[in-house]
Protein chains: 4
Amino acid sequence: MNFASDNSWGAHPAVLAALAQVNDGAVMAYGADPVTARAEAMLREVLEAPRAVVRFVATGTAANALVCAQLAPSFGRIYCHEDAHIETSECGAPEFHAHGAKLVTVAGEGGKIAPDALARAVAAGARAGLNGGRNALVSITNATEWGRVYHPREVAALAQVAHDAGLPLHMDGARFANAVAFAGCSAAEMTWRAGVDALCFGGTKNGAVAAEAVIFFDPALAEDFDYRRKQAGQVWSKSRFLAAQMLALLTGGLWLDLAKQANAKAARLAEAVLEGGGTLLAPTESNAVFAAIPALTHERAQAAGILYHLWGDTPLTEGAPVPVRLVCSWDMPDRDVAVLEMLLRGGCA
Amino acid sequence: MNFASDNSWGAHPAVLAALAQVNDGAVMAYGADPVTARAEAMLREVLEAPRAVVRFVATGTAANALVCAQLAPSFGRIYCHEDAHIETSECGAPEFHAHGAKLVTVAGEGGKIAPDALARAVAAGARAGLNGGRNALVSITNATEWGRVYHPREVAALAQVAHDAGLPLHMDGARFANAVAFAGCSAAEMTWRAGVDALCFGGTKNGAVAAEAVIFFDPALAEDFDYRRKQAGQVWSKSRFLAAQMLALLTGGLWLDLAKQANAKAARLAEAVLEGGGTLLAPTESNAVFAAIPALTHERAQAAGILYHLWGDTPLTEGAPVPVRLVCSWDMPDRDVAVLEMLLRGGCA
Amino acid sequence: MNFASDNSWGAHPAVLAALAQVNDGAVMAYGADPVTARAEAMLREVLEAPRAVVRFVATGTAANALVCAQLAPSFGRIYCHEDAHIETSECGAPEFHAHGAKLVTVAGEGGKIAPDALARAVAAGARAGLNGGRNALVSITNATEWGRVYHPREVAALAQVAHDAGLPLHMDGARFANAVAFAGCSAAEMTWRAGVDALCFGGTKNGAVAAEAVIFFDPALAEDFDYRRKQAGQVWSKSRFLAAQMLALLTGGLWLDLAKQANAKAARLAEAVLEGGGTLLAPTESNAVFAAIPALTHERAQAAGILYHLWGDTPLTEGAPVPVRLVCSWDMPDRDVAVLEMLLRGGCA
Amino acid sequence: MNFASDNSWGAHPAVLAALAQVNDGAVMAYGADPVTARAEAMLREVLEAPRAVVRFVATGTAANALVCAQLAPSFGRIYCHEDAHIETSECGAPEFHAHGAKLVTVAGEGGKIAPDALARAVAAGARAGLNGGRNALVSITNATEWGRVYHPREVAALAQVAHDAGLPLHMDGARFANAVAFAGCSAAEMTWRAGVDALCFGGTKNGAVAAEAVIFFDPALAEDFDYRRKQAGQVWSKSRFLAAQMLALLTGGLWLDLAKQANAKAARLAEAVLEGGGTLLAPTESNAVFAAIPALTHERAQAAGILYHLWGDTPLTEGAPVPVRLVCSWDMPDRDVAVLEMLLRGGCA
């Protein structure tokens with residue numbers, strides 16, 4: 001039973017089927033094929049953004065790093081949350097691709113940046129002048145690394161701060177589907193209508209083999225991006241296989257259905273945590289639960305071979321509640337969820 | 001009918017089946033799964049290199065560029081053929097990943113570097129001192145961009161020159177299988193036994209969806225490579241799907257079988273070229289034919305909707321033979337090959 | 001009257017005289033001249049480090065950034081104080097030269113890092129694994145950006161933490177002379193004897209036109225550094241003019257004399273601050289005073305046209321003490337110091 | 001007697017005097033001082049380019065590399081002569097600063113690029129599409145690395161080709177003064193009036209200690225350049241000392257006078273070469289002579305301790321004429337020139 005990451009789970013059968021469906025015959029390589037064109041078009045439709053430039057890559061780190069490189073110069077300052085994936089988990093990919101750009105972190109509860117905190121940070125950066133580098137980009141993650149969701153009005157408030165300072169707004173949407181599913185809004189409302197300029201639309205955690213989309217809502221921001229993606233080694237020669245994954249997820253709203261399933265499982269676990277005497281470290285709004293659970297519960301879960309990550313970087317105290325991250329996947333058997341639920345409620349496996 | 005590139009064709013059914021086979025259940029992400037371990041081990045076996053470090057990436061450009069970055073500093077000189085893929089077709093990926101390293105090109109027939117030409121170039125680089133940067137790496141492609149194949153003894157001669165100058169030898173093996181199939185040697189004989197230090201073992205052109213392997217035969221050369229690959233955005237979270245493709249190709253020698261099929265098709269086309277009054281621009285040793293074909297033949301092929309690339313960068317002369325590149329794939333229907341054969345022989349489609 | 005920066009002041013007459021003295025005749029360019037050799041040797045003597053590799057550059061930012069690039073890979077983590085010059089004032093030069101390396105900041109009073117805080121940060125970095133990048137370098141500034149001085153035993157404690165984690169220790173010595181002058185130790189005691197691996201020895205703030213030295217105490221750490229410096233555009237063709245400045249400063253201990261003069265002026269100002277009802281934000285240990293001075297004093301100083309920077313990034317409160325940074329130079333007329341002293345004591349200019 | 005390089009010689013007394021003249025008192029650091037403003041203004045006047053952005057750096061490599069980085073992206077193609085300093089002598093600085101941009105070389109006699117050769121190369125680059133990177137910049141050197149001079153009409157022809165392809169034109173003017181002196185035109189005619197977009201105006205080889213200017217004739221091309229220069233570690237804190245050198249050279253036309261003196265010495269040597277049975281490898285148009293001299297003459301010069309570089313990279317043949325480069329400096333005693341003249345004419349020293 002694996003609650004370590006949504007990356008631990010497999011691909012949706014529809015995604016694998018799509019690979020087989022596009023496999024016949026020969027097409028032009030490197031993206032000049034009809035499947036790629038169709039997938040780009042379909043994502044533009046889902047986003048209600050007919051002018052958007054859409055490109056596919058295989059990893060979320062690549063997607064985020066390429067957006068950073070596209071929108072920030074080597075001497076740029078990129079504002080993000082101190083727990084942002086680009087800051088903590090990408091081995092310096094944004095700085096590498098952007099030739100040395102600096103991530104400037106902002107604190108905030110639940111992985112969310114507050115507009116006034118952002119405004120203060122951006123203003124300090126502007127005051128730093130040549131010494132500090134040039135303000136270049138604001139990046140937020142939705143859903144956040146703490147499983148919280150920015151609602152469109154919150155995104156709009158951050159976009160306002162960014163745009164007032166002349167900065168574009170990037171949304172790392174590795175779990176974009178989970179955020180949209182929770183917020184109950186449209187993909188457009190969550191992004192360009194709220195002021196997002198560039199979106200990384202995650203497929204991998206949500207049922208793809210390896211597929212992420214980079215979207216620039218204003219084509220002017222995408223100038224020369226094809227060269228950049230190529231130079232980064234992120235252009236598949238058999239591009240149709242990247243595109244077909246996205247097509248499968250977008251068809252019939254599968255991407256949202258899978259996210260809802262994962263979210264629902266997390267909601268069940270969150271309830272169980274509270275019933276079992278644990279506390280939530282953050283409201284459960286997407287497919288992960290951040291909780292402090294009784295030491296005994298933790299021990300029983302370990303004994304039952306349930307995998308998950310401890311949360312945070314502080315050593316455990318004997319007998320004290322244990323901070324954990326429990327991530328759910330659409331692919332996870334109900335039975336697994338039920339077992340962990342029971343344990344969290346204080347029962348035995 | 002598409003003879004434009006082996007990248008134009010699909011994935012082998014065994015590869016797609018392998019994706020489905022590894023799809024069940026949860027494993028640890030980012031390569032810490034048993035499928036990845038198995039594929040790495042199997043490639044070490046195929047290469048008879050038990051100490052080698054093997055890592056997978058999705059594109060050949062990424063594979064080559066990461067090796068360059070691993071083995072050359074920003075001020076390094078990387079020696080390659082003037083028609084090498086890393087020089088002509090990767091949008092500066094090696095220079096980008098290696099932070100500005102310089103590709104120094106060497107001429108040579110059929111995309112092959114001659115040992116004395118290499119020796120002269122390397123010596124000139126050494127004489128250039130600080131001005132010219134530091135000699136860092138020699139890179140050859142096998143099979144070459146002209147479809148020629150280095151035999152193990154030729155590789156050894158180049159390795160000798162490189163090693164005498166203290167430089168490691170990289171082999172871009174985007175079509176490694178085709179080269180080994182033609183040479184009739186083992187993978188070990190073609191690589192580390194001949195002095196190759198790093199190999200990019202291509203899967204994509206040979207039946208994978210998107211899978212290439214980077215191999216360092218001496219683990220010392222791979223130090224910190226995992227950080228580099230991660231920072232480049234080339235680590236798949238669901239690594240098993242990358243590894244499974246390789247497993248499928250390696251199992252039962254499928255990789256060599258497919259290469260032999262593609263080579264055989266090219267051999268048929270080469271014979272047809274000669275019979276039809278064309279000339280070969282290079283001996284046909286792998287899965288591509290480089291030929292000057294009669295203008296009429298070219299016209300008929302165009303009229304028949306057969307896709308291929310003109311070869312070289314000189315404008316066509318009315319009525320003169322047309323230089324073309326005809327690439328064969330294992331996946332290509334025999335019927336397609338037969339049609340083009342007939343045309344090349346001077347017949348009509 | 002300028003207390004804004006020691007960079008605001010001129011070059012020492014002995015430095016200018018040295019330029020004229022080395023000006024006659026022709027020598028080999030790019031550092032292969034006897035003046036450069038002499039200056040490198042003299043700095044090795046001053047540091048009692050006969051095996052050290054010494055190279056000169058024109059700016060402190062270049063010196064620091066080149067050391068970072070030399071000792072950290074693109075995926076490296078470089079630990080420094082949150083107020084370190086490399087973090088706040090070099091426009092991302094270390095990240096740029098090191099191709100995207102990440103500065104990881106540590107808090108601490110007076111710009112000083114405490115060994116246990118460093119140990120915690122380094123351990124957290126190690127735990128971050130591939131996600132966080134590889135621990136690569138520890139960098140401290142002496143004297144610090146708050147004018148504090150690490151004593152050799154404090155440097156040794158930090159070196160211990162760094163070396164235990166396998167990391168080299170860099171000292172940004174833009175005001176190294178001021179630190180040594182205050183500590184009353186030798187340059188060797190302050191550096192390699194305490195475990196420093198690389199030193200940037202500042203000349204510019206201490207009387208040079210533009211001259212800094214980069215020193216690697218272990219020649220193995222300097223491998224290929226000459227290429228790196230060249231590629232960064234930091235090698236002067238007329239190297240003798242860079243070296244002559246250093247020779248002038250090192251001859252007869254001028255570098256220490258000038259630093260003592262500057263330190264003494266700061267000490268006078270610090271006393272005046274306290275007498276005038278101000279408070280020191282940090283003990284005055286080198287050539288700068290960090291103080292909160294009465295609002296009236298600040299107004300009078302402004303009215304008298306005395307230039308200095310406000311300290312920190314918080315807006316001023318009407319009537320509240322004003323945080324300021326007052327930097328002294330050996331070149332500053334005693335009269336200027338006397339005027340500011342009087343004002344700080346509460347008098348009128 | 002040193003004919004190895006103009007870099008081997010010293011600084012003009014007026015330059016050293018200027019350093020002393022600006023040394024008094026305190027000014028704001030990092031270029032916000034009146035000397036810097038004056039020097040920038042004076043260079044704009046000399047160039048008759050009131051809107052130009054002028055910035056100073058200490059080395060020619062830095063100047064060239066920063067222009068490349070400013071005008072070419074990481075995936076850019078920069079066209080230059082195969083003997084261009086940026087290609088052969090800067091240790092990859094342009095590629096490093098431009099994050100991997102590719103130098104594409106063009107052949108041509110005397111270090112000069114012919115318009116049709118440039119047009120062909122640029123067209124080939126355009127055809128290469130994503131594979132080859134994006135055409136970004138054309139760079140020429142004037143005077144060239146072979147001592148030849150582009151006349152304004154020749155510059156204009158190249159500018160036409162560049163601009164027709166949408167590319168800016170950079171002139172590496174490490175020996176710009178020598179070129180203008182030979183051409184007998186104005187600095188404006190040689191640059192922006194002929195279509196040059198960015199100029200590196202050399203001071204160091206022409207009497208400065210270390211001072212080069214970067215000029216962007218269209219301020220739009222200089223956007224954010226101050227950040228770039230800062231991040232590269234090329235901003236002097238005591239900027240007045242960089243600017244004062246330029247002021248001294250520009251005052252009273254000293255820069256042109258010195259260049260004329262150096263050119264005249266070279267003309268004398270060229271005549272002596274011909275009289276002594278040698279041949280010129282290129283017409284002598286600036287301050288360097290490229291000649292094949294009789295073996296005996298070479299032997300005598302060596303015996304007399306005259307320093308110069310052999311030219312080219314081919315081994316000498318016993319008894320055959322020896323290809324040499326003889327560089328003259330304004331600073332070189334007439335006596336030295338006379339000695340070499342005599343030898344070249346076939347006499348003994």
Side-chain angles (χ1 to χ4, degrees), chain C residues 1-11 13 16 19-20 22-30 33 57-66 90-93 95-97 99 204-205 208-210 226-238 240-242 307 329 331-333 336, chain D residues 1-11 13 16 19-20 22-30 33 57-66 90-93 95-97 99 204-205 208-210 226-238 240-242 307 329 331-333 336:
Chain C
M1 285 170 288
N2 187 311
F3 293 82
S5 174
D6 26 16
N7 280 326
S8 296
W9 295 87
L16 293 182
L19 297 183
V22 302
N23 192 36
D24 281 343
V27 296
M28 294 314 287
Y30 295 112
D33 66 90
V57 296
T59 74
T61 293
N64 286 332
L66 285 172
E90 301 188 349
C91 198
E95 293 97 329
F96 167 71
H97 284 81
H99 319 300
T204 312
K205 292 178 200 292
V209 163
D226 285 339
Y227 290 100
R228 194 177 298 283
R229 186 172 62 122
K230 177 91 176 174
Q231 188 173 38
Q234 297 290 353
V235 175
W236 282 24
S237 55
K238 300 182 178 174
R240 55 178 147 172
F241 291 119
L242 202 44
L307 293 172
S329 164
D331 194 17
M332 186 173 273
D336 289 16
Chain D
M1 284 170 289
N2 188 310
F3 294 82
S5 174
D6 27 15
N7 280 326
S8 297
W9 295 88
L16 294 182
L19 297 183
V22 302
N23 192 36
D24 281 343
V27 296
M28 294 315 285
Y30 296 111
D33 66 90
V57 297
T59 74
T61 293
N64 286 333
L66 285 172
E90 300 188 351
C91 198
E95 293 98 328
F96 167 71
H97 284 82
H99 318 302
T204 313
K205 292 178 201 290
V209 162
D226 286 338
Y227 289 101
R228 194 176 300 282
R229 186 171 63 123
K230 177 92 176 174
Q231 187 173 38
Q234 297 289 354
V235 176
W236 282 25
S237 55
K238 298 181 178 176
R240 55 176 148 172
F241 291 119
L242 202 44
L307 293 172
S329 164
D331 194 16
M332 185 174 274
D336 289 16

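Order of the sequence lines sets the chain letters (A, B, ...), proteins ahead of strands, with each chain counted from 1. Values reported hereafter were calculated over all heavy atoms of this structure, with side chains retained and with hydrogens, waters and symmetry mates removed. Every value quoted in this text rests on a predicted model; they were computed, and no experiment measured them.
Looking only at heavy-atom pairs under 4.5 Å with chain D, the residue among A11(C), A62(C), P333(C), A65(C) that has the most is A11(C). Heavy-atom pairs under 4.5 Å with chain C were tallied for T204(D), L19(D), D336(D); the largest tally goes to T204(D). The greatest number of non-hydrogen atom pairs below 4.5 Å with chain C, out of A20(D), A26(D), A63(D), is found for A26(D). Among the candidates Q234(C), E95(C), R228(C), E90(C), the residue making the largest number of heavy-atom pairs closer than 4.5 Å to chain D is Q234(C). Per-residue counts of heavy-atom pairs under 4.5 Å with chain C were compared for R240(D), Q231(D), M1(D); the largest is that of Q231(D). If you tally non-hydrogen atom pairs under 4.5 Å between each of G25(C), G60(C), A29(C) and chain D, the highest count goes to G25(C).
The minimum heavy-atom distance linking N23(D) with G10(C) is given by the pair OD1-CA, 3.2 Å.
In this structure, the side chain of K238(D) does not engage the main chain of A210(C) through any donor-acceptor pair within 3.5 Å. Side-chain atoms of T59(C) come within 3.5 Å of backbone atoms of G233(D) as a donor-acceptor pair (strictly under, hydrogens ignored).
Within the 4.5 Å cutoff, no side-chain heavy atoms of N7(C) are placed close to those of M28(D). Counting only heavy atoms from C-beta outward, the side chains of W236(C) and V209(D) approach each other to under 4.5 Å.
Contacts between D226(D) and chain C at a heavy-atom distance below 4.5 Å are absent for every atom of the residue. Heavy atoms closer than 4.5 Å to chain D are found in the backbone of A208(C), but not in its side chain. Looking at L66(D), there are no atoms closer than 4.5 Å to chain C (heavy atoms on both sides), in backbone or side chain. Neither the backbone nor the side chain of S5(C) comes within contact range of chain D; no heavy atoms are under 4.5 Å apart. For a residue to count as touching a neighbouring chain, one of its non-hydrogen atoms must lie under 4.5 Å from one of that chain's; by this rule L16(D) touches chain C with the side chain only. For V235(D), the part sitting under 4.5 Å from any heavy atom of chain C is the backbone (N, CA, C, O) and nothing else. With a 4.5 Å cut-off on non-hydrogen atoms, A4(C) touches chain D through its side chain but not through its backbone. Neither the backbone nor the side chain of L242(C) comes within contact range of chain D; no heavy atoms are under 4.5 Å apart.
In summary, the aromatic rings of F96(C) and Y227(D) are positioned with their centroids too far apart to meet the 6.0 Å limit.
Taking CH2 from W9(C) and OG from S237(D), the interatomic distance works out to 14.5 Å, rounded to the nearest 0.5 Å.
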